[in-house]
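One structure below.
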Amino acid sequence: MYDYISGKLAFKCPAYVVIDAGGVGYHINISLHTFSQLSVNENNCKLFTWLHVKEDAHTLYGFAEEGERRLFLHLISVSGIGANTGRMMLSSITPAEIQQAIIKGDVPLIQRIKGIGPKSAQRIVLELQDKLKKEGPDSLISVPVNHTVKEEALSALVMLGFAKIAAEKVIDQIVKKDEENLTVEKLIKIALKNL
């Protein structure tokens, strides 16, 4: 529902922040990783958000980077891992360390996180290892600000569910053949025919 909330940082503590956006104070739960990314008095604070809707509550979770939010959504897609457990995981070790542990199948490292037992750790690795391998090691890095036609097309194909490595290979082949008049739309259409 909300992609991000941007505004003045009205309150900050390790568990949550309050962002004043347009005269409305948004209470947003955060991880320690996000807490460490925020400066003390930010006039323009931007957090990528996810709204958790339950019968008795609507809770906002905020992330300093879009990649951290993507990893959080992967984590909570695993059976038995709720939003608070996902936030606990991102507070215990960095998103990059979690991603590496899952890809390498490092169950003992994941198990050391409070609230994660041996079965949960194995389930996380089993369900997410292939997904994170397909996304590639740099999936937690934010999309570059100065987009090239190639980068925008690749980003769109990944969002459509294609493996980053395969999409990149196809895009490179297309660009080698015809670099002159390629628009993002044209590049995506040709890539879709070849994927």
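Worth knowing before you read on, the calculation uses all heavy atoms, side chains too, and leaves out hydrogens, waters and symmetry mates. Throughout, numbering of the chain's residues begins at 1 and tracks the sequence. These numbers come from a predicted model, not from an experiment.
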Can you tell me how the ring of Tyr16 sits relative to the ring of Phe11, calling it parallel under 30°, perpendicular over 60° and tilted otherwise? tilted
If only atom types and distance count, is the side chain of [X] paired as donor or acceptor with the main-chain N or O of [Y] below 3.5 Å?
{"X": "Arg69", "Y": "Asp3", "value": "yes"}
{"X": "Thr85", "Y": "Ile81", "value": "no"}
{"X": "Ser92", "Y": "Met88", "value": "yes"}
{"X": "Lys12", "Y": "Leu38", "value": "yes"}

Exercise: identify the closest heavy-atom pair between [X] and [Y]:
{"X": "Phe72", "Y": "Arg87", "answer": "CE1-N, 3.7 Å"}
{"X": "Ala83", "Y": "His52", "answer": "CB-ND1, 3.9 Å"}
{"X": "Leu71", "Y": "Pro95", "answer": "CD2-O, 3.3 Å"}
{"X": "Thr34", "Y": "Gly62", "answer": "OG1-O, 3.8 Å"}
{"X": "Gly105", "Y": "Gln129", "answer": "N-NE2, 3.5 Å"}

Yes or no on side-chain contact (heavy atoms from CB on, under 4.5 Å) for Leu75 and Ile98, after CA distance, side-chain angles and deciding distance? CA-CA 10 Å; Leu75 291 171; Ile98 293 172; 4.3 Å; yes
[X], [Y]: one ILVMFWY side-chain cluster at the under-4.5 Å cut-off?
{"X": "Leu109", "Y": "Ile103", "answer": "yes"}
{"X": "Phe63", "Y": "Val78", "answer": "yes"}
{"X": "Ile102", "Y": "Leu73", "answer": "yes"}
{"X": "Leu195", "Y": "Val184", "answer": "yes"}
{"X": "Val24", "Y": "Ile30", "answer": "yes"}

Kindly compute the distance separating [atom1] ([X]) from [atom2] ([Y]), expressed to the nearest 0.5 Å.
{"X": "Ile19", "Y": "Ile28", "atom1": "CD1", "atom2": "CD1", "answer": "4.0 Å"}
{"X": "Asp20", "Y": "Ser6", "atom1": "CG", "atom2": "OG", "answer": "11.0 Å"}
{"X": "Ile5", "Y": "Leu51", "atom1": "CD1", "atom2": "CG", "answer": "9.0 Å"}
{"X": "Thr94", "Y": "Leu32", "atom1": "OG1", "atom2": "CG", "answer": "12.0 Å"}
{"X": "Ser79", "Y": "Lys119", "atom1": "OG", "atom2": "NZ", "answer": "12.0 Å"}
{"X": "Glu68", "Y": "Leu47", "atom1": "CD", "atom2": "CG", "answer": "9.5 Å"}

Any [X] side-chain heavy atom under 4.5 Å of [Y] side chain:
{"X": "Asn194", "Y": "Gln173", "value": "no"}
{"X": "Val17", "Y": "Phe35", "value": "no"}
{"X": "Tyr61", "Y": "Asn84", "value": "yes"}

Decide yes or no on side-chain contact (heavy atoms from CB on, under 4.5 Å) for Met89 and Ile110, but give the supporting numbers first. CA-CA 8 Å; Met89 291 180 76; Ile110 298 168; 4.1 Å; yes
Side-chain donor-acceptor contact under 3.5 Å, Gln99 with His74: no
Would you check, one step at a time, whether the test salt bridge (charged side-chain N to carboxylate O under 4.0 Å, His left out) holds for Arg112 with Asp106? CA-CA 11 Å; Arg112 277 185 247 148; Asp106 190 350; 5.2 Å; no
Test side chain to side chain contact (heavy atoms under 4.5 Å, CB included) applied to Ile188 and Ile171, Thr183, Leu157, the passing residue: Leu157
Could you go through the side-chain contact (heavy atoms from CB on, under 4.5 Å) check for Ser77 and Lys131 one step at a time? CA-CA 12 Å; Ser77 73; Lys131 284 182 190 175; 4.1 Å; yes
Show your working on side-chain contact (heavy atoms from CB on, under 4.5 Å) between Ile76 and Trp50 and close with a plain yes or no. CA-CA 11 Å; Ile76 64 171; Trp50 177 72; 3.5 Å; yes
